[in-house]
Every structure is written in structure tokens, then in C-alpha cells.
Amino acid sequence: MTSVPGTGARRIRVRVEGLVQGVGFRPFVCGLAGAHGLSGFVGNDPGGVFIEAEGEPPMLDAFTAGLTGQAPPLALVERVSVEPAEPRGETGFHIVPSRRAGVTIGLHDLAGGEFALVSADVGTCDACLGEVRDPADRRHGYAFANCTDCGPRFTIVSGVPYDRCATTMADFAMCAACAREYRDPLDRRFHAQPVCCPACGPALRALDADGGPVPGDPVEVAARWLEEGRVLAVKGLGGYHLAVLAAHGPAVAALRARKRRESRPFAVMARDAAAAGELVLLEPAAERLLTGVRRPIVLAPRRPGAPVADGVAPGGRDLGVMLPYTPLHHLLADRLAAPYVLTSGNLSDEPIAHRDEDALRRLRGVADGFLVHDRRIQVPADDSLVRVFRGRELVVRRSRGYAPAPVGVPWPFPRPVLACGAQLKSTFCVARGTRAFLSQHIGDLENYETLRSFTEGVEHFCRLFGVRPAVVAHDLHPEYLSTSYALDREGVDLVGVQHHHAHIASCLAEHGHAGPVIGVAFDGLGLGDDGTLWGGELLVADLLSYRRAGHLEPVPMPGGAAAVRQPWRMAAAWLDRVHGDASPVLPVVAGHREQWPMIVAMARAGTNSPPTSSAGRLFDAVAALAGVRDTISYEGQAAAELEARVDPAERGAYPAGLVEGERVVIAGGDLVRGVVEDVMGGVDVGRVAARFHRGLAAVVVRAVCAVGERAGLRTVALSGGVFQNTVLLEAVVSGLERERFEVLVHSRVPPGDGGIALGQAVVAAAHDRLSR
Ligand SMILES: [Zn+2]
Ligand SMILES: [Zn+2]
């Protein structure tokens with residue numbers, strides 16, 4: 001460092017990288033510099049935060065240490081780099097305007113590969129909520145209050161760096177009072193980009209079913225509608241929701257009918273943790289997740305007698321609850337003083353509606369009234385969904401509050417990667433450097449709306465994070481829309497990644513473990529490298545490659561896709577496999593008496609009956625045989641309901657064998673035999689469900705032991721949507737731990753197909769490393 005003659009002052013140039021924009025970082029730097037008597041400036045650029053600071057050397061040292069050590073709670077400082085500069089002898093420390101891409105900045109040129117991180121949306125903080133509830137405050141009752149600690153981020157960001165002009169708040173000019181707060185280093189809203197108030201910011205409106213304005217206080221109008229049992233559309237943070245009072249049976253039934261969603265559970269918003277605790281049993285970890293800044297839907301066991309209509313979550317033992325995450329949701333919850341259903345505003349299988357005209361059009365006839373506002377939603381994001389496994393978070397749907405926080409991986413991506421994910425519960429992933437940005441949940445890529453959401457999302461992420469994909473990874477399934485999208489990209493290197501390899505790789509990536517491991521990938525269906533449908537796989541895998549070391553006994557899937565929607569067809573295939581012509585007439589057989597012989601004949605002849613080793617289809621078959629469910633209206637429904645029926649007191653397990661040849665094959669038929677015998681014997685369904693789960697877990701553990709012995713491996717990675725089932729997960733993990741395996745399970749990345757893109761990205765990078 002150089003000194004100004006006679007003063008001893010030195011000057012440094014600092015770069016801070018990580019999640020440092022939209023989290024109050026620049027105000028924090030101002031405060032820290034002031035505390036150490038430093039002069040200089042701080043600003044945002046597309047690579048993060050740049051700082052120049054001047055003062056006494058010990059103070060500069062303390063200042064740089066504090067950048068990491070005392071950073072604001074929402075910040076994630078990944079790297080601080082310091083280099084000396086020429087002292088200038090200036091006075092004061094201030095925030096300077098942001099620097100944009102294309103400008104040479106600080107130490108490095110942007111071409112050097114830097115980029116800033118964009119914060120996920122953050123639930124309303126206590127200070128802002130206090131103001132909203134304070135009749136004397138100028139933001140009393142204001143639905144859009146926010147500050148540097150909370151508020152919209154990802155869903156309003158249109159570009160980087162994170163500044164008001166690159167958000168949908170650019171539509172609103174700050175009033176003098178808000179501008180004063182924005183400029184005051186001592187204010188909580190110092191440089192809070194979405195700062196606003198009733199005088200200058202977005203405003204609420206109530207609209208009737210035809211979109212016509214309704215006079216009166218919009219929250220009051222909306223609350224009254226809900227109390228009258230009407231279906232309300234509410235424009236939230238990441239899209240439109242549909243709301244009804246959770247205890248209002250007819251309203252819940254009307255919502256279900258109009259949404260054409262027969263039985264998928266609805267989530268419920270409760271006013272606070274105490275109110276949520278009246279609906280569900282909250283273990284400490286669940287309460288922490290519920291009240292945390294990400295504000296996901298938390299799945300927890302429903303309390304007997306919870307004041308929620310039966311139609312809210314039929315067939316389930318758990319109920320999804322969440323707490324308000326914007327002042328708007330707080331205002332509605334405070335006014336109603338009763339929990340309300342809040343479910344994404346779409347018809348089944350469409351993405352969440354987020355553009356105003358589109359939402360009004362799509363939700364006309366579904367909603368009886370609208371509570372809307374005039375702040376645009378830039379990026380749609382559904383509510384995230386989590387469970388708790390062994391006191392830790394298990395993310396099932398990763399979306400609002402989580403995306404686009406990167407997943408850090410210890411292996412740098414040699415070239416930028418785009419991974420296109422799978423088909424159902426689609427997400428994509430863009431990656432470069434050591435960061436992988438897994439997108440928010442997009443939905444099932446089965447219609448134009450979702451595909452558009454997917455392609456727009458890819459473009460937006462590439463722009464935000466400065467990724468120009470050189471490598472594009474995709475599933476092997478040629479009919480996935482994500483695969484066609486990948487194959488249409490020009491001038492890139494394509495890498496096809498087997499579905500279950502991608503599952504295991506996503507688990508490895510989450511743990512920073514390079515493998516090899518024994519990967520247990522249990523899910524619905526994924527195309528295998530032999531052209532058959534896999535889904536109950538034991539792979540010996542690392543990031544680069546895998547070997548199919550074992551699998552579940554394959555059975556025909558009579559009618560292909562029809563068998564997915566009609567689990568009774570899988571019951572027919574399995575029952576015939578086990579008992580053939582001597583199959584007993586279980587209730588499910590009687591219930592489908594007319595079609596049963598034809599389906600059995602189809603399975604035997606292999607007509608339109610592709611063989612599958614899917615664990616998900618085995619769950620389907622057992623759910624149907626046990627009389628839990630024989631047709632479904634959403635993916636995974638039969639398995640979820642079977643899990644919900646498990647009697648936790650039951651200690652029995654169906655025995656099942658292994659066939660050890662070239663591969664280790666799990667004799668699923670043994671489990672089916674046990675189920676059939678018990679159903680014939682009138683054993684309670686809760687015990688049947690428990691014995692099946694415990695029997696499957698035990699045979700999986702034995703299969704892992706057999707594979708582990710052959711391969712000389714002691715680490716297991718569990719992935720695939722079936723491992724969202726925490727009953728099975730607990731039984732498998734504890735069984736493996738008894739056998740002294742190290743077990744890797746998902747936490748922040750979904751085990752289901754929502755995590756696939758991350759696995760594809762790291763596999764593609766491993767191939768890229770090899771080929772260069
Ligand atoms: Zn706040
Ligand atoms: Zn204002």
C-alpha cells in the first residue's frame with residue numbers, strides 16, 4: 001500500500017463477491033467504513049460490490065475483516081479480494097452509482113468471468129410488519145412495505161446489477177419521503193431498491209368477477225368475499241393465487257371443482273406460528289422453517305380436529321401450512337383471523353399465472369373476485385414446499401424464497417453449462433465457475449404455457465448470470481420437451497444424461513461428493529440406456545459415469561402411460577406376475593372386473609406394455625391392491641396416500657428376496673405376495689402399508705450390501721422422487737446406518753425430478769473436463 005506523505009493513510013480497492021446485492025450490503029459497508037473513520041466509496045456492478053477505502057492501516061484491516069465477519073444476515077460473502085491503490089485524501093464515504101456490463105470495472109474486466117448473485121425473495125421482516133400494523137406510521141396498512149432486510153427480489157428483477165431501474169419497481173418514482181429514507185445511511189431503507197409507500201408505490205385494487213373495479217378498501221372487500229365463501233384470486237409475489245377460507249367446506253369444494261384439480265392437497269396460510277400450530281403438529285425444525293425468511297409451505301402432521309375443511313387435503317395425514325410473506329398476506333390474515341387456503345392460480349397442469357391480463361383471462365370463471373396490484377411480476381415463482389427429515393429441511397419443490405440462490409460445487413465448470421432437466425416438475429440449471437443456478441419450479445412440460453415459461457426462464461437466467469451455454473445437457477428421453485429444446489440449440493456441445501444417473505449426481509453435487517458411490521435412484525419413470533423404463537435402480541456411479549448394478553424386478557406396464565394414471569393396471573400386472581391364473585379376487589380386481597382379464601392378457605403378451613423396474617409403479621400397485629387408491633389425478637398420489645396410511649406402531653415387514661446374477665435384482669413380487677396375503681386375511685390397511693414400506697426398505701438395504709461388497713464401496717446416495725417419502729427414507733437410512741454405510745440424502749435440492757437439472761449439469765461438466 002502507498003501512503004499519502006505525512007498522514008500515514010493508505011487506500012485499498014476491494015471486491016466483494018457472493019450474494020451481496022439486494023441484501024443491504026452497500027449500506028452495511030458505509031456503516032462499517034464510518035465506524036473505522038475511513039473515506040471512499042462503494043457500489044454495485046454485475047460482478048458484486050466494488051469498494052475503495054482510505055484510512056489508517058489498522059482500520060483498513062479491521063474494515064476488510066468486518067466485510068465477511070459482520071455482513072448482514074441475508075448476505076453470503078464468498079470472496080473478498082484486496083489490492084492497494086493511490087491515496088486521494090478525500091473525505092466522507094458514500095455510495096456511488098452502479099456500473100453496468102461492458103464497462104471496465106475495479107480490478108477485472110467483466111470478460112474475466114465475474115457475476116453478481118441475485119437474492120431470492122425475502123419474507124416481510126418484523127420492523128416492516130410493525131409499521132404496517134402501526135396506525136401512526138405512514139405505511140400503516142400498506143401492502144408493499146419492505147426494506148433492506150426484506151421484500152421482493154428475484155421475482156421483480158429484470159437485469160443486473162440489482163438496482164431499482166432493473167426491477168419492476170422502475171415503474172414507480174420515489175416520493176420525497178421515500179427518497180430521504182433511501183439516501184439516509186442511518187435508515188433501514190438506505191438503498192433498499194424496492195422502497196415505496198402509499199404515496200408513491202404500488203396500490204391494491206379489488207375487482208369483481210368480470211374485472212370491474214369495486215369501491216372500498218380492497219383488503220376489506222376481499223376479506224368479506226372470503227367470509228361469504230367466495231373464491232378470491234390474489235396477486236402475490238411470484239404469481240396469482242386462489243384463496244378461500246380453509247374452514248369453509250362449500251368454498252373449498254367450489255375451488256376444487258373450478259380448478260379442475262380433483263384431489264391434490266391445497267396449502268393453508270395461517271396468521272402466525274401459533275395459528276399454524278393449531279392446524280399441524282410442529283416439531284422445532286418445522287417451526288424454524290415455517291418462520292424463516294424463505295417462508296416455504298411446510299408439510300407437517302395435521303392435528304386431529306384442525307379447523308380445516310376435509311376437502312383441503314383429502315387422503316393425506318399431513319397438511320401444508322405457510323405463514324404470510326408479504327404485507328398483503330399479513331393484512332389479509334390479520335383481517336380474517338382465520339386460516340385461508342392459498343393455492344397457485346392456474347388450472348391443473350398450467351404454470352402459475354403471473355401476467356395481469358393473462359391471469360384475469362385464465363382465472364375468469366374460476367375466481368369470484370380479484371385482489372390485484374399494479375407492480376409487475378417479472379419472474380413467476382410458485383411457493384416452495386418442504387418437509388422435515390431428521391430435524392433437517394427436505395425440499396420437495398424449490399421455488400420462491402430459494403431460487404435463484406446458487407448451489408456451490410467444488411468442481412469448477414470448465415465451460416458454461418445449461419442443463420434442461422426432465423419433463424415433470426421441470427426445472428433447469430445454468431452453471432459456470434463453481435456455481436450452479438437451479439431454476440425455480442416451472443411445472444410439467446406438457447403444454448405450451450409451461451414450455452414458454454421454461455424457455456423464457458432459461459433466457460432470463462442466462463442474462464442475469466451472464467451465462468452463454470457452451471455445453472447443453474439433457475435427458476435421454478427423446479419425447480421430453482426439455483430434450484427437444486436442448487437438441488434445437490445450435491453451436492453447443494450436447495450431453496445426454498441418463499435420468500437416474502442425473503438423480504444420483506444431483507445428490508453428489510449437493511454434498512460436494514465426487515463418488516463413486518452406490519446410488520439408489522427410486523422414482524416414477526426414466527428412460528434407461530437399454531431403451532426400457534427404469535425407476536428402481538442401484539447404480540455404481542460417479543460424476544462421469546455409472547454402471548447399473550441392480551434394480552427392481554421388471555414387470556409390464558399395461559397400456560404404458562395409462563398405467564401411470566390407473567394404478568390398478570399395475571396391480572393387475574404384479575398380481576398376475578405373482579399368482580398367475582390362481583390370482584385371488586381382491587376388491588381391486590372386483591372393482592375392475594370387466595377390464596381386468598384384458599389388462600392381464602395385454603401384460604402377458606407384452607402388447608403396449610413396456611417393461612419397467614419402477615419403484616413408483618410398485619407403490620402404485622400396492623396402493624391399489626391394498627384398496628388405498630386405484631386411479632390418480634396427480635403424479636405420485638397413490639404412493640403419497642399409501643405413505644399416509646402407514647401405522648407407525650407396526651413392526652412387521654414383508655420378506656423379499658434378492659436374485660444375484662450379473663446384477664442384483666430385488667424380488668418385488670415377494671412384497672406383493674405379502675400384501676396380497678394380508679389383504680386376503682383382512683389385515684388393517686395401516687399395517688399392510690407399514691409392512692410394505694419396512695419390507696422394501698429391508699430388501700433395499702440388503703441389495704446395497706450386496707452391491708457394496710462387489711464394488712468395494714461404503715457410501716450410498718439416495719435420490720429420486722420416491723425418497724420424498726420420509727417413512728421409506730427413514731427406514732432405508734437407518735438400515736444402511738446399521739450396516740455402517742455413509743448415507744447421502746437430499747436437503748436443499750429436491751430428490752424428485754426438480755433436482756435432475758443440477759445432476760445433469762455436473763455430469764455434463766465431468767464429460768467436458770474429460771474431453772478438454
Ligand atoms: Zn423489512
Ligand atoms: Zn413514497
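Atoms within a ligand are numbered from 1 in the order they appear, just like the ligands themselves.
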Under 4.0 Å between a side-chain nitrogen and a carboxylate oxygen: does that hold for [X] and [Y]?
X	Y	value
Asp121	Arg295	no
Asp374	Arg205	no
Arg335	Glu227	yes

Have a look at the Zn ion (ligand 1) and estimate, to 10 degrees, the angle subtended by SG (Cys128) and SG (Cys150).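 Centred on the Zn ion (ligand 1), the SG/SG angle is 100° (to 10°).
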Test item: side-chain donor near acceptor, Asn346 and Tyr240, under 3.5 Å: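 Distance-only check fails for Asn346 and Tyr240.
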Just by distance, no angles: are the side chains of Gln440 and Tyr402 close enough, under 3.5 Å, to form a donor-acceptor pair?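 Result is no, nothing qualifies.
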When you check the space around the Zn ion (ligand 2), which protein N, O or S atoms turn up under 2.8 Å?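 Atoms qualifying: Cys175 SG, Cys178 SG, Cys197 SG, Cys200 SG.
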Considering the options Phe437, Tyr162, Phe461, Phe465, which one meets the ring-ring contact (aromatic ring centres under 6.0 Å, His included) requirement together with Phe154?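 Answer after filtering Phe437, Tyr162, Phe461, Phe465: Phe461.
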